[in-house]
Asker: 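Below you will find the structure I want to go over with you.
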Amino acid sequence: MKKDIRAYTYEQLQQEIEALGEKKFRAKQIYEWLHVKLASHFFEMTNLSKTLREKLEENYSILPVEMLERQISKIDGTNKFLFRLYDGNVVESVLMRYKHGNSVCISSQVGCRMGCKFCASTIGGLERNLSASEMLAQIYQIQKLTGERVSNVVVMGTGEPLDNYEQLVLFLQILTDEHGLNISQRNITVSTCGIVPKILELAKEHFQITLALSLHGSNQIKRKQLMPIANKYDLSEVLEACDTYFKETGRRVTFEYSLVQGVNDTMEDAKELVEILGSRNCHLNLIPVNPIKEREYKQPTRKNALEFKNKLEKSGINVTIRREMGADIDGACGQLRRRYVKTNQE
Ligand code: SAH
């Protein structure tokens with residue numbers, strides 16, 4: 001198979017191009033075509049000679065990522081995209097429009113093997129990792145399809161980004177490179193279910209990105225009920241790793257907590273959350289669980305969710321309830337892909 005040219009950092013691309021016997025500055029032009037002008041074909045690169053374009057075509061490919069479906073919310077303008085990868089696998093991505101700019105939520109894997117009980121993405125298990133290039137392409141395609149600039153990126157779609165660590169880091173390097181789309185590191189969030197050694201490794205990279213930690217339980221027993229990863233890493237270890245992340249990067253960690261009726265939404269849960277988060281400089285994001293048809297989980301009532309939030313707020317926790325976006329389109333993580341995969345298998 002030809003080499004994927006979108007998967008090189010700026011420095012790596014310079015080396016590749018020099019190895020082809022070309023001048024170094026050509027790499028700058030090609031990088032710009034790939035990561036700023038978002039070219040999908042070498043023939044678009046009109047400031048390169050025909051011979052160079054042919055040479056590139058012979059040695060490299062720009063992997064196609066094709067839109068299969070686009071749903072547009074009538075409520076808030078949220079867009080959901082279903083993309084087809086070169087091998088026929090599909091992933092979903094979401095564009096959310098906020099006052100402060102456009103935010104894209106991307107997938108990091110095809111499926112997921114983490115097994116969180118309330119999550120649709122994990123039901124069919126893990127199919128494969130996405131390459132850095134396929135993570136980038138989701139953002140590039142959305143920018144091309146909408147003609148609007150993307151300013152924020154959250155890696156919160158299907159998959160566990162820290163289970164695909166190497167490609168995630170490469171993706172972050174390319175996305176934030178000043179020669180490319182140049183998205184500010186501070187505008188990027190990576191969400192994890194809590195793979196402790198990888199959190200520590202990420203801390204050492206010293207990116208200025210936000211780490212979001214999926215907590216979902218205020219103690220080890222509760223967390224285990226919802227998240228199999230808790231069998232591997234104790235809550236105390238996870239919290240310590242988050243402290244290290246903060247110490248190393250100066251970036252406040254966001255904790256995510258999906259509120260599930262009768263499972264983790266009692267006042268006792270709120271009290272325990274205060275105990276573990278009260279002393280930490282962090283942000284807590286409450287997400288009323290998005291019910292999926294394969295599971296029985298329900299959202300708490302609006303009133304209960306507000307009571308839960310107020311209790312935490314009164315104790316000095318920096319807390320928000322996540323605004324539900326795109327409620328009228330296949331809402332919860334992984335549902336659009338899941339519907340597609342099911343329809344096409346049956
Ligand atoms: N694997 C990563 C990122 C993907 S999920 C992680 O676990 O963080 C992004 C967030 O959405 C996580 O906090 C996840 O637990 C949450 N989530 C998944 N399914 C959900 C659902 N049905 N309702 C509410 N939140 C959900």
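Each residue takes its place number in the sequence, starting with 1. Start at 1 and go down the list; that is how both ligands and their atoms are numbered. Everything numeric here is computed off the predicted structure, so don't read it as measured data.
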Asker: How many angstroms lie between CD in E160 and CZ in R113, if you round to the nearest 0.5 Å?
Answerer: 9.5 Å
Asker: Quick one: does H216 get within less than 4.0 Å of ligand 1, heavy atoms only?
Answerer: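 Yes, H216 has heavy atoms under 4.0 Å from ligand 1.
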Asker: Only heavy atoms count here, so choose which of C119, C112, S191, P288 is nearest to atom 3 (C) of ligand 1.
Answerer: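 Looking at heavy atoms only, the winner is S191.
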Asker: Would you check whether G194 reaches within less than 4.0 Å of ligand 1, judged by its heavy atoms?
Answerer: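 No; G194 lies far enough from ligand 1 that no heavy-atom distance drops under 4.0 Å.
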Asker: Taking C-beta and beyond as the side chain, do F246 and R280 meet within less than 4.5 Å on heavy atoms?
Answerer: no
Asker: Between E22 and K55, is the salt bridge (charged side-chain N to carboxylate O under 4.0 Å, His left out) condition met? List the steps.
Answerer: CA-CA 10 Å; E22 293 286 334; K55 225 193 273 184; 3.0 Å; yes
Asker: Short N/O distance, under 3.5 Å, between F118 and ligand 1?
Answerer: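 N/O-N/O distance below 3.5 Å exists for this pair.
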Asker: Any salt bridge linking D76 with R97? Criterion: basic side-chain nitrogen under 4.0 Å from a carboxylate oxygen.
Answerer: no
Asker: Are side-chain heavy atoms of L215 and L235 found at a separation under 4.5 Å?
Answerer: yes
Asker: Is the shortest distance from a heavy atom of G157 to ligand 1 less than 4.0 Å?
Answerer: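 The answer is yes: ligand 1 sits under 4.0 Å from a heavy atom of G157.
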Asker: Please determine whether any non-hydrogen atom of S258 lies less than 4.0 Å from an atom of ligand 1.
Answerer: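 Contact check S258 vs ligand 1: positive.
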Asker: Indicate the ring-plane relationship of H35 and Y31, choosing parallel, tilted or perpendicular according to the 30° and 60° boundaries.
Answerer: tilted
Asker: Using a 4.0 Å heavy-atom cut-off, say whether T192 meets ligand 1 through its side chain, its backbone, both or neither.
Answerer: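 The part of T192 near ligand 1 is the backbone, not the side chain.
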Asker: Can you tell me which portion of E160 lies within the under-4.0 Å heavy-atom range of ligand 1? Options are side chain, backbone, both, or neither.
Answerer: both
Asker: Under 4.0 Å from a heavy atom of C193: which atoms of ligand 1 are those, numbered in the order shown and with their elements?
Answerer: 6 (C), 7 (O), 8 (O)
Asker: Could you list which atoms of ligand 1 come closer than 4.0 Å to a heavy atom of G159?
Answerer: 1 (N), 2 (C), 3 (C), 4 (C)
Asker: Thinking salt bridges, do D163 and K198 make one under a 4.0 Å N-O criterion?
Answerer: no
Asker: Which of the numbered atoms in ligand 1 are below 4.0 angstrom from a heavy atom of N290?
Answerer: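 Under 4.0 Å from N290, ligand 1 has these atoms: 21 (C), 22 (N), 23 (N), 24 (C).
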Asker: Checking N264 side chain against H216 main chain: does a donor-acceptor pair fall under 3.5 Å?
Answerer: yes
